[in-house]
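Reviewing the structure listed below.
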Amino acid sequence: MPARLLIAASLSGFLAVALGAFGAHGLEARLSAESLATFNTAVDYHMYHSLALIALAPLLQKYPQATVLKLAGLLFIVGILVFSGSLYVLSLSGISWLGAITPIGGLAFLAAWGCLFRFALRML
């Protein structure tokens, strides 16, 4: 599991950097300021949570039976896909109903952080 999580984290981080560069250099003249800000929010949260995935890998190496850590990793990935993914598509396509599913990704992020908190409390 730690190796797979590190693979997912590195691919996710790579995509966050690539999409950030695309937004900064390829979309600046094509999107409205509001759409570009939405795209940049997606990139920011994408990268923050890619880094969180990287931090989980050594924890899972040390605590391979910690189901709550595995769940946190899954929820971070779901959050990236749903939160950032919906914002990427929304900003590029203008499909406004996608904004309605973005909070589901945000809830996945919150749940993942909650899982980490629960794990930390168990370590006391």
Side-chain angles (χ1 to χ4, degrees):
M1 178 77 181
R4 283 187 243 153
L5 195 60
L6 191 56
I7 289 168
S10 60
L11 288 173
S12 182
F14 177 91
L15 285 172
V17 171
L19 288 166
F22 175 64
H25 302 291
L27 297 177
E28 193 171 23
R30 296 177 184 195
L31 294 181
S32 68
E34 182 181 343
S35 291
L36 192 57
T38 299
F39 191 90
N40 288 333
T41 297
V43 171
D44 289 345
Y45 278 79
H46 188 162
M47 181 54 80
Y48 299 149
H49 293 91
S50 296
L51 294 172
L53 286 171
I54 289 172
L56 274 179
L59 282 173
L60 273 168
Q61 183 75 32
K62 186 170 182 176
Y63 303 100
Q65 301 306 318
T67 305
V68 72
L69 289 179
K70 295 174 187 176
L71 181 58
L74 177 63
L75 288 166
F76 280 134
I77 291 168
V78 168
I80 290 167
L81 291 172
V82 177
F83 183 88
S84 293
S86 67
L87 290 180
Y88 288 135
V89 176
L90 170 66
S91 63
L92 294 172
S93 70
I95 301 172
S96 60
W97 65 264
L98 284 170
I101 66 167
T102 304
I104 296 168
L107 289 173
F109 286 149
L110 290 171
W113 288 111
C115 287
L116 277 178
F117 180 72
R118 184 172 177 178
F119 176 78
L121 288 177
R122 287 183 185 170
M123 293 179 69
L124 293 175

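Predicted model, so just to flag it, every value in this text is computed and none were measured. If you read the sequence from its start, that first residue is 1, and numbering goes on from there.
Hydrophobic clustering (side-chain heavy atoms under 4.5 Å, transitive across Ile, Leu, Val, Met, Phe, Trp, Tyr) groups V78 together with V89. L75 and I101 are not part of a single hydrophobic cluster, where members link through side-chain heavy atoms under 4.5 Å apart. Residues L74 and F76 fall within the same hydrophobic cluster, defined by Ile, Leu, Val, Met, Phe, Trp and Tyr side chains chained together at heavy-atom separations under 4.5 Å. One hydrophobic cluster holds both W113 and V68 under the rule that ILVMFWY side chains link at heavy-atom gaps under 4.5 Å. I54 and F109 fall into different hydrophobic clusters, where Ile, Leu, Val, Met, Phe, Trp and Tyr residues are linked whenever their side-chain heavy atoms come under 4.5 Å apart, directly or through other members.
For the pair K70 (side chain) and P64 (backbone), a donor-acceptor distance under 3.5 Å is present.
Annotation for I77 and A8: closest pair CD1-CB, 4.1 Å, computed over non-hydrogen atoms. Smallest separation of non-hydrogen atoms from F39 and G23: CE2-CA, 3.6 Å. Listed here is the closest heavy atom pair of C115 and A72: CB-CB, 3.7 Å. Contact between E28 and L36 at its shortest, heavy atoms only, is CA-CD2, 4.0 Å. Pairing each heavy atom of S12 with each of I80, the nearest pair is OG-CD1, 3.5 Å. Among all heavy-atom pairs drawn from P103 and G99, the shortest one is CD-O, 3.3 Å.
To the nearest 0.5 angstrom, S86 atom OG is 8.5 Å from I104 atom CD1. Note: S35 OG to L90 CG = 7.0 Å, rounded to the nearest 0.5 Å. Atom OG of S10 is separated from atom CG of L53 by 10.0 Å, given to the nearest 0.5 angstrom. The NE2 atom of H46 sits 5.0 Å away from atom OH of Y88, with the distance rounded to the nearest 0.5 Å. Separation of atoms CZ (R4) and CG (L60) is listed at 11.0 Å; rounding is to 0.5 Å. The line from OG of S84 to CG of L19 is 9.0 Å long, rounded to the nearest 0.5 Å.
Side-chain contact between L27 and L92: present, with at least one pair of heavy atoms (C-beta onward) separated by less than 4.5 Å.
Using cut-offs of 30° and 60° for the angle between ring planes, the Y45 and Y48 rings count as perpendicular.
The aromatic ring centres of F119 and Y63 sit less than 6.0 Å apart.
Contacts of T38 classified as side chain to side chain donor-acceptor pair (under 3.5 Å), with partners at least two apart in sequence or in another chain: none.
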Between L116 and L56, is a side chain to side chain contact (heavy atoms under 4.5 Å, CB included) present by the stated rule, with each step listed?
CA-CA 9 Å; L116 277 178; L56 274 179; 3.5 Å; yes
